[in-house]
Protein chains: 2
Amino acid sequence: MRQDTRQRILATAEELLLSRGFQGFSYHHIAERLDIRTAAVHYHFPTKADLGLALLQRYRERFRWWAWQLREQKVSPVGCLEHFITLERRLVEANRVCPLSVVCVELQGVSDEMSAAAQRLLDDALHWLEIVLESGREANLFHFDGSAAARALVVLVTLQGALQLARLNGIETFDAVRAQIRQDLGLPAIAPTGRVAS
Amino acid sequence: MRQDTRQRILATAEELLLSRGFQGFSYHHIAERLDIRTAAVHYHFPTKADLGLALLQRYRERFRWWAWQLREQKVSPVGCLEHFITLERRLVEANRVCPLSVVCVELQGVSDEMSAAAQRLLDDALHWLEIVLESGREANLFHFDGSAAARALVVLVTLQGALQLARLNGIETFDAVRAQIRQDLGLPAIAPTGRVAS
DNA sequence: GTCTATATAGAGATAGAC
DNA sequence: GTCTATCTCTATATAGAC
């Protein structure tokens, strides 16, 4: 019945991480929400650095699994991009930011292992996006100059920035940027394959 | 001799804010660096919210003065954009982030007044960039589709994202994005007006 | 695995002397 | 304006009972 406490801690901690930053939540916040004591949290994650690392690893595993699923379902490059943007948009709707943003802003306040885990997550995302863009270009779906790697980098940082500033400026900011990204990749204003999940 | 303590506090606090986040520094850190006591810091800024607000106001005033200078010197739109990018690049070099990033990530941990001040800074930056892009387009220096406001938004969020991820991924990330932004605005790979300050 | 209890340290903030 | 001294609260973490 109760190894799932660990999972509930992770889920709650992730919510807190993405809405308040790593330095903005404590074991007390987690324990309070789950109606347990802080000592129980320490049993599962002895130090906060352990918890932070676990959160980033979990996030990365989830991303890899998500990307693997899209591949299994043979989703088109355009569909992949749309799904990815939708993923980020959901964060905006939930008033959250991306864990990469948190680590970058609070870099001096997190352990080296945590920032290394963030680096791996970033590498995965960039690599995945590069493949999507390159295969989409080969299929004549996307149109852009330069290397797919360079374009993937620009798309990712643009989404990161939009995700973040949307918190101050409203979700219209995110949607405006999203439209621009599509246009810069040579897609029509409304994605032809559908899947522009709201 | 000693109203400049206030200025020294602001300068030190800004360094800490941009390198560690708002929740990542304390009055003790400031006092230690200036070799004064925390009570002296509280004299100038009774609460941390007061200090945070002052930091954002100061940042905004500096930006406005900086933009005004460029205008006085009749710097071309291309030069303005280059100067702006250089401004951000210096933050990367100093391993800092933008105050807007800090406020966005730690939004729940800052006062309403602080986030309102960040909003005003963002508005100023967007408005300034919009004018630069629009006047540059009229002078046939920039080439882009859509409104200047929409393009300004994309350029700004892209720089924000690059500034942030460069902290994890290295300054090459920032430079690659910078090159892409230039290209997307129809500029040659190397800016013709010079002023690509290193 | 979870609890109570507690240790330690740091943060934000105030009072009052100089 | 800046200091010493102190207060209160919170955060991280551990010990040991159940």
Between [X] ([atom1]) and [N] ([atom2]), how many Å, whole number?
{"X": "Ile36(B)", "N": "dT4(D)", "atom1": "CD1", "atom2": "C1'", "result": "15 Å"}
{"X": "Ile30(B)", "N": "dA11(C)", "atom1": "CD1", "atom2": "C1'", "result": "12 Å"}
{"X": "Leu51(A)", "N": "dA11(D)", "atom1": "CG", "atom2": "P", "result": "14 Å"}
{"X": "Gln23(B)", "N": "dG10(C)", "atom1": "CD", "atom2": "C1'", "result": "15 Å"}
{"X": "Tyr43(B)", "N": "dT14(C)", "atom1": "OH", "atom2": "C1'", "result": "15 Å"}
{"X": "Arg8(B)", "N": "dG1(D)", "atom1": "CZ", "atom2": "C1'", "result": "13 Å"}
{"X": "Asp35(B)", "N": "dT2(D)", "atom1": "CG", "atom2": "P", "result": "12 Å"}
{"X": "Glu32(A)", "N": "dC9(D)", "atom1": "CD", "atom2": "C1'", "result": "14 Å"}

Query - First of Thr38(B) and His28(A) reached from the 5' end of DNA chain D, by closest nucleotide - result: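 It is Thr38(B), whose closest nucleotide lies nearer the 5' terminus.
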Proximity to the side chain of [X] - top-ranked nucleotide from [options]:
{"X": "His44(B)", "options": "dG12(C), dT12(D), dG1(D)", "answer": "dG1(D)"}
{"X": "Lys48(B)", "options": "dA13(C), dT12(D), dC3(D)", "answer": "dA13(C)"}
{"X": "Ala39(B)", "options": "dT2(C), dG12(C), dA15(C)", "answer": "dA15(C)"}

With a 4.0 Å limit, can you tell me whether [X] has a side-chain N or O closer than that to the phosphate oxygens OP1/OP2 of [N]?
{"X": "His42(B)", "N": "dG1(D)", "result": "no"}
{"X": "Thr5(B)", "N": "dT2(D)", "result": "yes"}
{"X": "Tyr27(A)", "N": "dT12(D)", "result": "no"}
{"X": "Arg37(B)", "N": "dC3(D)", "result": "yes"}

Does this structure show an ion pair linking [X] with [Y], if we count only N-O contacts that are shorter than 4.0 Å?
{"X": "Asp175(B)", "Y": "Arg89(B)", "value": "yes"}
{"X": "Arg58(A)", "Y": "Glu14(A)", "value": "yes"}
{"X": "Arg137(A)", "Y": "Glu134(A)", "value": "yes"}

Query - Within the 6.0 Å centroid threshold, strictly below: Trp128(B) and Trp66(B) - result: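 Yes, the ring of Trp128(B) comes within the 6.0 Å limit of the ring of Trp66(B), centre to centre.
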Query raised in the report: About how many Å separate NZ of Lys48(A) and CG of Leu55(A), when rounded to the nearest 0.5 Å?
Result: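 If I round to the nearest 0.5 Å, the distance is 10.0 Å.
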Requested in this report: For Phe45(B), report the nucleic acid contact type (base, sugar-phosphate, nothing); a contact means any heavy atom under 4.0 Å.
Outcome: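 Result for Phe45(B) = nothing.
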